[in-house]
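Structure first, then comments.
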Amino acid sequence: MTTATISATSVDRDAEGFLTDPQQWSERLAEEIARENGIEELTERHWLVVRFMRDRYLTTGSAPSIRSLGKESGVPVKELYQLFPKGPAKLAAKIGGIPKPKGCI
Amino acid sequence: MPDRGPRSKLGVDANKEADMAKKQIVILGGGTGGTMTANRLRRRFENDAAEIHVVDRDDRHVYQPGLLFVPFGLAHSDEIVRPRRRQLRSGIAFHQRGVESVETDTNRVVLDDGTVLPYDVLVVATGVRLQPEETEGLSGLGWNERVFTFYTPEGAEALRGALDRFDGGRLVVNLVDMPIKCPVAPLEFAFLADWYLRERGVRTRTELVYSTPLDGAFTKPIASQRLGGLLTQKDIELVTEFNAGEVDGVGGVLRAFDGRELDFDLLVTVPLHGGAAYVERSPGLGDVLGFVPADKRTLQTPAKPNVFALGDATDLPTSKAGSVTHFEAEVLTENVARYFDGRDLDTSYDGHANCFIETGFHKALLIDFNYETEPLPGRFGPLPLLRESRLNHMGKLLFQWVYWHALLPGREVPGLGPAMPTAGKRPVPVHAT
């Protein structure tokens, strides 16, 4: 675990850059993490997904898979990949300040 | 018409009082989990203590591990399918009907002909449904011509023909996304394809590709490393983090959501899996993919205390595999009895799973694991773990007999219990192997 200073706030992140304490998250921080990962600006569609992931994690204790995200968030899987290239669930989780989604077995 | 169950044998008027006390157990699904559970419960409860009903829309029980061998001509689909009702003990009513919905608030199941089955305990064992239509183009042109799945008897037979005609080119194996039944099956397919094509003398003009949405050959680190090593040894290209989004079955292109493309002459796919369709029509029973949430130790569902679930139908974080279902059935049967008695439930299911992994050339690996412990090397009784051996291959072949004659009837099999054994296993750091 490392401590990084983003937006003049010190936050704890794991080796892959996921926040270890979701309470340290803020919208400004989300924008910074997004930029770090190649997303210059978070659009409304980005925010819809990020908030959906974060709310789901905070209420149920686990983040949805890409498939459930595509079905429940109202953003189709294809668009999820356009918004968050490579790994929508991972990247949206990272930007939303929640732990890396666990893979299936 | 449903079979005549125990109730009709008794004569309703004369035994009305006894009938009132008689428990109604309804089991949805007559596959591995439903059949084992029904037979175990039938042994556990006298006929006048409980009525047991099993519902399934058809009468074809498939020995699913056998499907892997069909494309290579090592088994015929007729040999791995038997009538469902013949696997059920006497005193179990079989209803050959689809399920319309489950009403958990009134404890009723409605069948597709309008028949209503009231229950005291419901067991959900309807497995998964393949959803090729959820991937753009997958079930369109080229399906069963250039694009196949061996996850159904019909698909496995069609693939046998295609492999027989295959004369070299690019053979791509792909699993669209997890969760899938038997997560090692697509790997086994790739290993066996390598063996089969070598035997036929066309391997040298074949590029064999294994593409997966995972970041390695398998989900758990040590097994992933060993299985990845086997892919390299057999000259099978591994493409990871490949999330298939679109298939062009005529042009022979598999496209990932991130834009990467894999050309193919033959595509062997494992389509997306979801729960049975009625789950979505049953408020509060399942999740958005149709899987049924259940307690990972007791198998009771959060939907209602008198509803239990097992096997592929659940959302549990363990493999969707027959061995898992078998171990779950033991705990579930105990818990149905405890629920009726008002006792605390048995919390002993630990996620135990074991699977033979065919690697071709008459050899197989064996893995054994649970929620906490990943597959480790060592021994499972006489069988070596995570290591290729002929004995494991023999074990896999013999298993079909054990399945029909011991597991489904609900007989105890020595050495195969719900709790994962630790004797004979060696913990190893991932990079030391």
Side-chain angles (χ1 to χ4, degrees), chain A residues 14-18 34 37-40 43 45-46 48-96 98-105, chain B residues 131 134-136 175-184 212-216 218-221 223-224 240-246 255-260 272-274 280 286-291 293 296 302 314-321 324 351 353 355 367 369-372 374-375:
Chain A
D14 69 11
E16 291 179 81
F18 290 86
N37 288 277
I39 300 173
E40 285 311 314
T43 64
R45 296 296 271 180
H46 286 105
L48 194 154
V49 177
V50 168
R51 291 209 178 92
F52 182 87
M53 287 286 281
R54 187 171 164 83
D55 289 349
R56 182 53 65 89
Y57 176 80
L58 293 177
T59 48
T60 66
S62 68
S65 67
I66 294 176
R67 279 176 73 198
S68 328
L69 194 59
K71 284 191 188 286
E72 291 180 297
S73 67
V75 181
V77 175
K78 206 168 184 170
E79 189 186 342
L80 287 171
Y81 275 91
Q82 288 157 2
L83 294 168
F84 304 94
K86 296 207 169 163
K90 269 194 233 175
L91 195 46
K94 196 182 269 188
I95 295 171
I98 58 173
K100 183 177 171 178
K102 289 189 188 98
C104 289
I105 287 106
Chain B
Q131 302 173 306
E134 295 252 322
T135 302
E136 209 176 318
L175 70 103
V176 179
D177 203 358
M178 301 292 282
I180 60 166
K181 290 190 271 193
C182 190
V184 295
T212 168
L214 301 172
D215 58 8
F218 193 54
T219 51
K220 314 256 186 163
S224 184
T240 58
E241 298 186 88
F242 189 92
N243 290 278
E246 205 183 321
R255 212 165 281 124
F257 281 115
D258 65 7
R260 279 183 290 166
L272 291 175
H273 285 28
E280 288 170 29
D287 65 17
V288 68
L289 301 178
F291 297 118
K296 62 193 255 195
T314 74
D315 76 338
L316 293 187
T318 183
S319 286
K320 294 197 182 302
V324 166
C355 325
I367 57 174
F369 55 102
N370 69 10
Y371 290 134
E372 276 82 36
E374 65 172 307

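Letters go in sequence order (proteins before strands), and every chain restarts at 1.
- By the 4.5 Å heavy-atom criterion applied to side chains, B/Phe257 and A/Leu80 are not counted as neighbours.
- Applying the salt bridge (charged side-chain N to carboxylate O under 4.0 Å, His left out) test to every pair with at least one member in residues 48-57 of chain A, sequence neighbours left out, gives these pairs: A/Glu27-A/Arg51, A/Arg56-A/Glu72.
- Applying the side chain to side chain donor-acceptor pair (under 3.5 Å) criterion to A/Thr60, with sequence neighbours excluded, gives no partner residue.
- When all heavy atoms of A/Tyr81 and B/Asp258 are compared, the pair lying nearest together is CD2-N, 4.3 Å.
- Summarising the geometry, atom CZ belonging to A/Arg67 is positioned 9.0 Å from atom NE2 belonging to B/His273; distances are rounded to the nearest 0.5 Å.
- Atom-to-atom distance recorded for B/Leu289:CG and A/Ser68:OG is 4.0 Å, nearest 0.5 angstrom.
- Within the 4.5 Å cutoff, side-chain heavy atoms of B/Glu241 are placed close to those of A/Lys90.
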